[in-house]
Amino acid sequence: MGAALRRIQLGSALSAFGLGFTVPYLYVYVAQVRDLGAGTAGVVLAVFAMAALAVLPFTGRAIDRRGPLPVLVVASGLAAVGAAALGYASSVPAAVLSAALLGAGTAVMQPALATMLVWCSSTATRTRAFAMQFFLQNLGLGLGGLVGGQLVDVDRPASFTLLFLIEAVMFVVLGVVAVTVRMPRNSALSAARPGDGGAKGGMRALLSHRAMVQLCVLGFVLFFACYGQFESGLAAYGTEAAGIQPSTLGFALAANTAVIVIAQFVVLRLVERRRRSRVIASVGLIWAFAWIIAGYAGLGHGSQAMATAAFISTYALFGLGEAMLSPTVAPLVADLAPESMVGQYNSAFALCKQLALAVGPAVGGPMGASLHGPYIVTFVLFSLGITVLALRLGRRLTPVQDQPSLGHVPSRVVAVSLPEGSEGGEAGAVAGTVPAAVSASASAGR
C-alpha cells in the first residue's frame with residue numbers, strides 16, 4: 001500500500017503543479033492576452049466554477065459503481081483536453097467551452113483522488129496520508145505559480161499557450177501514474193468495490209446521516225469564510241480599506257503557502273492524537289483572530305507598514321488553520337462513510353466546498369470593497385460559527401471517529417457512523433473487525 005500511496009501523492013502533486021501554472025493568470029489571459037474583454041474573462045471564470053457544480057452531483061455514484069481509478073483517468077483526460085484547448089482559444093465560444101472542460105475535469109479529480117487515498121490507507125495512516133496530499137498540492141501550486149510567472153509575457157500569447165500545454169501534460173501524467181497504481185484487495189474494502197450494488201443508498205441515505213450533513217454544513221462555512229475570500233473579498237478589502245498595493249497580495253498568498261509548507265508536519269504531530277472536533281473548533285478561533293487583525297489593517301490608524309504586516313499576517317494565520325484542517329476534515333469524511341458510499345460522501349463534501357467557493361466571492365467581493373466594517377464583523381462571526389458547529393459535530397461522532405488514535409485495529413473503518421435508518425443502527429462497525437469494547441464505546445458516543 002505504501003507504493004500505491006506514493007504514486008497517488010506524486011500524481012496529485014504534479015496536477016497541482018500544472019494548475020499553479022495557469023489559475024493565477026486565467027483572467028489576464030482571457031481579458032488582455034486574447035483581448036476578449038473583462039466581461040468574457042468573468043464568464044470564463046464563472047463557467048469554470050459552474051462546470052464543477054454540474055458534474056459533482058454525479059461523480060460520487062460513478063466512483064462507487066466503477067471505482068475511483070477509471071473516473072480519475074477520464075477526469076484527467078478531460079482536464080488535459082480543456083487545458084490544451086484553452087491555450088489556443090481565441091474566441092469567446094472556444095474559451096468558454098475549454099473552461100467548462102477544464103473545470104469539470106479538475107472538479108472530478110478531487111473526490112476520485114480522495115477515494116483512492118481512502119482505499120490505500122488505514123485508519124492509522126489516513127490522517128498522515130491526507131496531510132501529505134495537502135502539503136504536496138500546496139507546494140505544487142506554489143511552485144507552479146512561481147515558475148509560470150517567470151515564463152508568461154502578456155505581449156506574447158505563445159507564452160501562455162506554453163503554460164496551458166504544460167498544464168495539459170501534467171494532467172496526462174496524473175492519468176498515467178494513476179493507471180500504474182495497484183489498488184489493495186482486502187476483505188475490509190470488499191463492500192466498496194464497484195459492481196456490488198452497495199452504492200444504492202444514494203443521496204437519500206447520505207442526507208439521513210446527521211453527522212455527515214453537519215460536516216457538510218461545517219465544510220461550507222469553512223470554505224466560505226476562508227478560501228472563498230482569498231482572491232475576492234479579502235483582496236478587495238485589503239486594497240480598498242487598508243491601502244495594500246496589488247503586488248503585496250502576492251506576498252500575502254506566498255506567506256499563506258509558506259506557513260502551510262513549513263508548519264504542516266509540526267502541526268500534524270500536535271493534532272493527530274487530539275479530538276478532530278476540537279481541532280476544527282480551534283481553527284475557528286484562529287481564523288476569528290485573523291479577521292480581527294485584518295480589521296486592524298484596514299480600520300486601524302497605524303502606519304502603512306503596520307497595515308501591510310497585519311494584512312500579510314492574516315493570510316499566514318489562515319495558512320496555520322488550513323494546516324490543522326488537512327489531517328482532520330478529509331479523513332473524517334472517509335471515516336463517516338459506509339464502505340459502499342465512500343465516493344458519494346467525498347463528492348458531496350467536494351460539492352459543498354465548490355458551492356462555498358462560488359458563493360464566497362459573490363458575497364465577499366462587494367462587501368470587502370465597500371462595506372469594510374460590516375465585512376470584518378461578518379467573517380469574525382462566521383469564524384466563531386465554525387467553532388460552534390465543530391463542537392456540535394463532536395457530540396455526534398463516535399470516540400474513534402473523533403479521535404482515531406483511540407482505535408488500534410487494522411481495518412479501514414474502526415467504527416462507521418451509518419445513516420439513520422440503515423441496517424445495523426446509526427453507529428456500526430465492520431463485522432468481525434472491531435472488539436466488543438470498542439463497539440460499545442462507539443455506540444455510547446451518540
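What's counted below: heavy atoms across the whole structure, side chains too, no hydrogens, waters or symmetry copies. Quick caveat: nothing in here was measured; it's all calculated off a predicted structure.
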**OP:** Decide yes or no on side-chain contact (heavy atoms from CB on, under 4.5 Å) for Trp119 and Leu69, but give the supporting numbers first.
**Re:** CA-CA 11 Å; Trp119 282 19; Leu69 181 55; over 6 Å; no
Working to the nearest 0.5 angstrom, can you tell me the gap between [X] [atom1] and [Y] [atom2]?
X: Ile8; Y: Leu174; atom1: CD1; atom2: CG; value: 10.0 Å
X: Leu72; Y: Thr59; atom1: CG; atom2: OG1; value: 11.5 Å
X: Gln264; Y: Leu139; atom1: CD; atom2: CG; value: 11.5 Å
X: Ile376; Y: Leu381; atom1: CD1; atom2: CG; value: 11.5 Å
X: Phe48; Y: Leu357; atom1: CZ; atom2: CG; value: 10.5 Å
X: Ile312; Y: Leu317; atom1: CD1; atom2: CG; value: 12.5 Å

Least distance between heavy atoms, [X] atom then [Y] atom:
X: Thr180; Y: Arg7; value: O-NH1, 2.8 Å
X: Gly238; Y: Phe311; value: CA-CE1, 3.5 Å
X: Leu78; Y: Ala104; value: CD2-CB, 4.1 Å
X: Cys352; Y: Cys216; value: SG-CB, 3.5 Å
X: Val213; Y: Leu207; value: CG2-O, 3.4 Å
X: Gly364; Y: Gln229; value: CA-OE1, 3.3 Å

Does a side-chain heavy-atom distance below 4.5 Å link [X] with [Y]?
X: Arg126; Y: Leu117; result: no
X: Val173; Y: Leu10; result: no
X: Thr314; Y: Trp287; result: no
X: Tyr315; Y: Leu234; result: yes
X: Met132; Y: Leu136; result: yes
X: Met212; Y: Val333; result: yes
X: Leu336; Y: His209; result: yes
X: Phe349; Y: Leu56; result: no

**OP:** State yes or no: are the ring centers of Phe160 and Phe164 separated by less than 6.0 Å?
**Re:** no
For the side chain of [X] and the backbone of [Y], is there at least one donor-acceptor N/O pair under 3.5 Å apart?
X: Glu167; Y: Ser15; answer: no
X: Thr257; Y: Ala254; answer: no
X: Asp402; Y: Leu397; answer: no
X: Arg274; Y: Leu270; answer: yes
X: Gln403; Y: Arg273; answer: yes
X: Thr161; Y: Gly87; answer: yes
X: Asn138; Y: Phe134; answer: yes
X: Thr387; Y: Ala281; answer: yes
X: Thr239; Y: Ala236; answer: yes

Can a donor-acceptor pair be found between the side chains of [X] and [Y] at a distance below 3.5 Å?
X: Tyr227; Y: Glu322; result: yes
X: Gln401; Y: Asp335; result: no
X: Ser12; Y: Gln137; result: yes
X: Asn346; Y: Thr115; result: yes

**OP:** For side-chain contact (heavy atoms from CB on, under 4.5 Å), just list the numbers for Ile260 and Phe135, CA-CA rounded to whole Å, side-chain angles, deciding distance to a tenth of an Å, and then say yes or no.
**Re:** CA-CA 7 Å; Ile260 292 171; Phe135 167 81; 5.6 Å; no
Original post:
So does Phe58 have more than 12 non-hydrogen atoms from other groups sitting under 6.0 Å from CZ?
Top reply: no
Original post:
Step by step, would you call Phe130 with Ser326 a side-chain contact (heavy atoms from CB on, under 4.5 Å)?
Top reply: CA-CA 6 Å; Phe130 277 98; Ser326 64; 6.0 Å; no
Subject >> Test side-chain contact (heavy atoms from CB on, under 4.5 Å) applied to Gln214 and Leu389, step by step >> reply: CA-CA 8 Å; Gln214 285 188 341; Leu389 289 170; over 6 Å; no
Original post:
Out of Arg278, Arg276, Glu272, which one pairs with Thr328 under the side chain to side chain contact (heavy atoms under 4.5 Å, CB included) rule?
Top reply: Arg276
Subject >> Non-neighbouring partners of Phe379 that pass ring-ring contact (aromatic ring centres under 6.0 Å, His included), sequence neighbours left out >> reply: Phe224, Trp291, Tyr375, Phe382
